[in-house]
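Computed from a prediction, not measured in an experiment: that's the story for all the values here.
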Amino acid sequence: MTVTLVLTLLLSVLIGLSLGLLGGGGSILTVPILTYVAGLDPKEAIAASLFVVGVTSAVSAVNHARNRRVKWRTGLVFGVAGMAGAFLGGLAGGYIPGTVLMIAFALMMVATSLAMIRGRKNGAAEAHDGELPVLKVVAEGLVVGLVTGLVGAGGGFLVVPALALLGGLSMPVAVGTSLVVIAMKSFAGLAGYLTTVSLDWALVGAVTVAAVAGSFAGARLAGRIPEAALRKGFGVFVLAMGVFVLVQELPAAAGAAVGITAAAAGVAAAVCWFAVPKCPLRTPLTA
């Protein structure tokens, strides 16, 4: 067993931890790990991530369901709509340059993370754990499925915000329900990619086993962390990964500029948050 393989498997545990705890972030971790650590081609990494995240999400969803943190009707309807979009996205993704896909992937992560960090006005009062309207779920599922199938993401980084910010579900329930959606859409997107991409199934299987192991720990932690902290932590995590991918994929000068800008923005945000009483970062977005 090579050092690269050992490192890949150790990092893969974080994939499951992220999915079990946050209901997303699996592909955000899996794609960079398989691309930059395991050395796979971006398209192979994207396709492999769909399998890894799909299996891990299905296992983790069972753990959440046992704790009544899954809304099955909402999840299944969203998932079916998302599968249609994800399959089409996976077909199209096989014909788009890998670098373009990775940059698009990163930009969507940054935009989504900012929405999660700020939240929505009176979000705590509006949060509920009921089923969402079917037509609204179908529309959101189709859009999210198309986007996530195209860039190879299981979709948690878009599904959780859709359920929590747009749908109004509490974060723990949004996390559990998103896992059902992610599993369904991941396998649909994988089917699309396998028409043009071949995988090293031994490596993919090993990464999947490690990720599933991490998902058990994540599911145990999910119900014990305050909702606001979980939402903001999700946003910060996605933002950091989005910036990392941009730095890796953009030309050297542009990547360095993004990294420096992100670091400066991070310092400014920290100063604002902790030292400025009326910091705009604490003001939620209106519904």
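- Transitive grouping of hydrophobic side chains (ILVMFWY, heavy atoms separated by less than 4.5 Å) keeps V209 and V52 in distinct clusters.
- What you find for V53 and S186 is that their closest heavy atoms are CG1-OG, 4.0 Å.
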Only pairs under 3.5 Å count here: list side-chain donor-acceptor contacts from residues 197-204, not counting sequence neighbours, and write none if there are none.
{"residue": "D200", "atom": "OD1", "partner": "A202", "partner atom": "N", "Å": "3.3"}
{"residue": "D200", "atom": "OD1", "partner": "L203", "partner atom": "N", "Å": "3.4"}

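- Here the side chain of T4 pairs no donor or acceptor atom with the backbone of A38 at under 3.5 angstrom.
- Taking every heavy atom of both residues into account, S12 and A210 meet most closely at CB-CB, 3.8 Å.
- Looking at residues two or more places apart in sequence or on another chain, you find a ring pair (Phe, Tyr, Trp, His ring centres under 6.0 Å) between F244 and Y36.
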*Test side chain to side chain contact (heavy atoms under 4.5 Å, CB included) on F187 and V55 and set out the steps.*
CA-CA 9 Å; F187 291 126; V55 172; 3.9 Å; yes
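- For the pair R73 and V134, the minimum side-chain heavy-atom distance is below 4.5 Å.
- The nearest pair of heavy atoms linking T56 to T208 is OG1-O, 4.2 Å.
- With S178 contributing its side chain and V175 its backbone, the two residues share a donor-acceptor pair below 3.5 Å.
- Formation of a donor-acceptor pair under 3.5 Å by the S215 side chain with backbone atoms of V212 is found in this model.
- There is a path of hydrophobic side-chain contacts, each under 4.5 Å, that joins I15 to L11.
- If you take CZ on F78 and CG on L142, they are separated by 9.0 Å, rounding to the nearest 0.5 Å.
- V80 shares a hydrophobic cluster with V70, W72, L76, M83, V180, M184; the chain of contacts runs through ILVMFWY side chains whose heavy atoms sit under 4.5 Å apart.
- The closest donor-acceptor contact from the side chain of S49 to the backbone of I46 lies under 3.5 Å.
- Taking a 6.0 Å sphere around CZ of R66, one finds it holds 12 or fewer heavy atoms contributed by other residues, nucleotides or ligands.
- In the hydrophobic clustering of this structure, L190 groups with V59; members are Ile, Leu, Val, Met, Phe, Trp, Tyr whose side-chain heavy atoms approach within less than 4.5 Å, directly or through other members.
- For the atom pair CG (L19) and CG (L14), the distance works out to 11.0 Å, reported to the nearest 0.5 Å.
- Side-chain atoms of D41 come within 3.5 Å of backbone N or O of K43 as a donor-acceptor pair.
- With hydrogens and angles disregarded, a donor-acceptor distance shorter than 3.5 Å links the side chain of T35 to the backbone of V31.
- Note: L5 CG to L10 CG = 9.5 Å, rounded to the nearest 0.5 Å.
- To the nearest 0.5 Å, atom CG of residue L179 and atom OG of residue S57 are 5.0 Å apart.
- Both L7 and L40 sit in one connected hydrophobic cluster of ILVMFWY residues. Membership requires side-chain heavy atoms under 4.5 Å apart, directly or through other members.
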